Protein chains: 2
Amino acid sequence: MTSSDNGPDQPWNQQRLRSSNERLLLERLRTAPASRAQLARETGLSKPTVSSALASLEAAGLVREAGHHTPERGRAAVLYTPDPAAGYALGIDIGRAWLRVALADLDGTVVARTDVRNKARSSAAMADLVVTTAHRLVAGSAVPPADVVHAVVGTPGVYDPEAHRVRYALHLPGWGRAGLFDRMRDELGVPLAVHNDANLAAVGEHAFGVGAGSRLFVYVMIGTGLGMGIVADGRPFTGASGAAGEIGFLPWNGREPDTLEDAVSGDAVVRAARALGMTGPLTAKSVFESARAGQAAAVTAVRQEGERLAHTVAAVAAVLDPELVVLGGGVGHSADLLLQTVGDTLRRLTPLRPKVAASALGEDAVLLGAVATALGTARDVVFAQRT
Amino acid sequence: MTSSDNGPDQPWNQQRLRSSNERLLLERLRTAPASRAQLARETGLSKPTVSSALASLEAAGLVREAGHHTPERGRAAVLYTPDPAAGYALGIDIGRAWLRVALADLDGTVVARTDVRNKARSSAAMADLVVTTAHRLVAGSAVPPADVVHAVVGTPGVYDPEAHRVRYALHLPGWGRAGLFDRMRDELGVPLAVHNDANLAAVGEHAFGVGAGSRLFVYVMIGTGLGMGIVADGRPFTGASGAAGEIGFLPWNGREPDTLEDAVSGDAVVRAARALGMTGPLTAKSVFESARAGQAAAVTAVRQEGERLAHTVAAVAAVLDPELVVLGGGVGHSADLLLQTVGDTLRRLTPLRPKVAASALGEDAVLLGAVATALGTARDVVFAQRT
DNA sequence: TGCTTAAGTTAAGTTCCTTTACTAACAGCG
DNA sequence: CGCTGTTAGTAAAGGAACTTAACTTAAGCA
């Protein structure tokens, strides 16, 4: 049989032991400042070990003193905290309409951010825009460019690191060209990882939004297209080929090869509204606003959207059994309008009923997911470099 | 943000270090016997460390000498191998028609096995049958009962360890009673874990069948009901409440609350055949045999089954993106008849096309999955006890 | 000022790993 | 038959990192 993976696959020696314990202390300090004695009690390490590890971490610039704490009785304790300025991470969201870039310190605090209207005509121009925007953001901040250790970019489609290109990015002409992201990486001068936007949105919502603390949850991204990100045990779940959550491809009406994407995306709401007699220059947003105002055709269109969404959620629940389903993306603003219908329909459809909630981060989910992901790598890199 | 889980969450000291390295050597030895020098080269540990760890393992009865190997030149090497008799594990499959029990040593070799016709009238009688059959199997083998360290039982439904009972076991009256498995555990006298049968079948197929080496695959179990097991990175993926893979609840025809289970299970094939004019005492197996013989109505019924199955697979592919889909369960014998239709339909439905294959283990998948799962725990337990 | 209490350090001792150097065993060969 | 080259395995010494136990430091308080 193939080995199930318990047990270590690396030999341990004293150096790894030390490094591991320093890491343990650093991670503990990220939750709150603490004294040596407190760390010893909480981690199970002895006081001398904590002292010595903390001295190493301080010498490496990874932690610093953070004031004192005077207990009820006895000597005052020196508190330590991670040094947020030990490194910085870049998060980048390449969206349909906006390019967003955020620079965060190792605490996860966003220290600089910019949102640029996406007017690029070609994929090459887009790539250039990403690089210059990122460079400008860092230059405009007080952060030394050399301290930016990692970047993560979110884009529609599935990045294939073997082929150095994005697949399935159907709406973006030229975006699937090989080498595009390699060039971006070179010009950016910072290690760059590419992830699917829905997956990043899920990570963002898990790190900073309503998904916090959930062991298994999904983020359904409804906008121009339809996508889903999955976070299991704190990590994105991407499937065998990176295509997990491509629910636009779900079969949905028994026979025809219509895509669910066409039936549930933001555009579908507009089409449904027109079919129901609404006229004029409609957008998904305007239809939802009309529905909110009680306009009958809009209400019906939104209800239909909710029902189809419920089918989607039911399918996801049957396969994955998530604890929580978060609705977000372009129509995220109006998720509250959909929740009722989705909930009601779900009750009719299946005994498996995950909680359904609206996104807490709105338009920022992808960007914050990119930041959170870059942050993870950045912390690893900084720790490895400085110790 | 909540911490992403890199970094250790336990302090390391010398004892854990030693234990971890012994574990590393033991796991390596499971792949093939090896000498101290070879282990040192392969693991990166030094020769003295390997010697000393191996001495501990031998003293603990976890490994033993296994002959010699004479290299091209130089001194002959003493080979070591895990002692398979250091402990034993029980796998139990409680199926509709058969109760199967297997006893395996730590190598995973089945040393005793029995298949008993399931004629129990009540859940209590069934529980008794399980216990007496297991006891009889162990008594009839040369294995000392005290050396059986763990058991895993597979059953339809989802075991809820909080409530001490099985949920969703709709076809088995009384099977959902609280405390049933607690009593079984007590009378068995061996720690007992309860898992869903489809999940175990997936684990079995991953450990011993066509799923070997697959990073992410699913096992679709088609029989009296319809279920699915998921194995991701070698571990079963059970979802937030243990209901992942309950694809019987997938919505499938747009509107009605028909369950997919009713449409795709073995019984559905029989119903379809009758609707197409077949008469007499039909079973799923007989319909498949008629189809194999070219009987028109049966062929049509099987094709319909294949098409519906393809829809199921397409849905699973869109959500999970597995590398491989294995078809098994009661109709597993006839999976070859379905593969063609499933493949063709899948090509029409979606660009996401996982490999689809027939189960290699047939009726034994659940049992072998239970063995593999029990084995994993048994190895941990034996290692912990003896060191 | 001295007592109590908790924080943090020092020193000794233990464990486990590595390096280096050695011994053991085997094969080919003069 | 012993010498040589090669590989396996052990012994001894040294070092890294942990723990325990005892000590020192610092704060509040009578």
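None of these values were measured; they are calculated from a predicted model. Throughout, protein chains are lettered first and strands after them, A, B, ... in sequence-line order, and every chain is numbered starting at 1.
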How many whole angstroms separate atom CG of A:L54 from atom P of C:dA7?
14 Å
What's the CD-P distance between B:Q14 and C:dC16, to the nearest Å?
7 Å
Taking CD from B:Q15 and P from C:dC17, how many angstroms apart are they, rounded to a whole number?
12 Å
Which part of the nucleic acid, if any, lies within reach of A:V50 when heavy atoms closer than 4.0 Å are counted: base, sugar-phosphate only, or nothing?
nothing
Sidechain N-carboxylate O distance under 4.0 Å for A:E42, A:R28:
yes
Please confirm whether A:R64 makes a cation-pi placement over A:Y80, using NZ or CZ under 6.0 Å from the six-membered ring centre and within 45° of the ring normal.
no
Can you name the closest pair of heavy atoms from B:D105 and B:L375 and give their distance?
O-CD1, 3.2 Å
Presence of A:S51 side-chain N/O under 4.0 Å of C:dT9 phosphate oxygens OP1/OP2:
yes
A:L17 CG to C:dT14 C1', in whole Å, measures 14 Å
The residue, A:Y80 or B:A53, whose nearest nucleotide of DNA chain C is more 5′ is A:Y80
Could you give the CG-to-C1' distance, from B:N21 to C:dT15, as a whole number of Å?
13 Å
Between A:L79 and B:S19, whichever has its closest DNA chain C nucleotide further toward 5' is A:L79
Specify the residue among B:P48 and B:W12 whose closest nucleotide of DNA chain D lies further upstream toward the 5′ end.
B:P48
Have a look at B:R41 and say if it touches a base, only the backbone sugar-phosphate, or nothing, with a 4.0 Å heavy-atom cut-off.
sugar-phosphate
Just checking B:T49: base, sugar-phosphate only, or nothing, at a heavy-atom cut-off of under 4.0 Å?
base
Report yes or no: does B:D186 contribute a side-chain atom to a donor-acceptor pair with the main-chain N or O of B:G189 at less than 3.5 Å?
no
A:T70 to A:A76 - nearest heavy-atom pair and separation:
OG1-CB, 4.0 Å
Which whole-number value in Å describes the distance from A:N13 CG to C:dT19 C1'?
14 Å
Can a donor-acceptor pair be found, under 3.5 Å and without considering hydrogens, that links the side chain of A:S214 to the backbone of A:G211?
no
Of the options C:dT18, C:dG8, C:dC16, whose atoms approach the side-chain atoms of A:R36 most closely?
C:dG8
Atom CD of A:Q38 and atom P of C:dT5: how far apart are they, to the nearest Å?
20 Å
Ion pair A:R235/B:D233, N-O distance below 4.0 Å:
no
Walk along DNA chain D from 5' to 3' and tell me the first and last nucleotide with an atom closer than 4.0 Å to a non-hydrogen atom of chain A.
D:dG15 to D:dA27
What heavy-atom pair brings B:L106 and B:R30 nearest, and what distance separates the two atoms?
O-NH1, 3.7 Å
Check the angle between the aromatic planes of B:F181 and B:Y159 and answer parallel, tilted or perpendicular using the 30° and 60° thresholds.
perpendicular
Please write out the pairs of protein N or O atoms and N or O atoms of nucleotides 22-29 of chain C separated by less than 3.5 Å, giving the distance to one decimal.
| from | atom 1 | to | atom 2 | distance (Å) |
| --- | --- | --- | --- | --- |
| C:dA24 | N3 | B:R75 | NH1 | 3.2 |

Residue from B:T81, B:L54, B:L79 passing side chain to side chain contact (heavy atoms under 4.5 Å, CB included) with B:L29:
B:L54
Using a 4.0 Å heavy-atom cut-off, does A:S46 contact any base of the nucleic acid, only the sugar-phosphate backbone, or nothing at all?
base
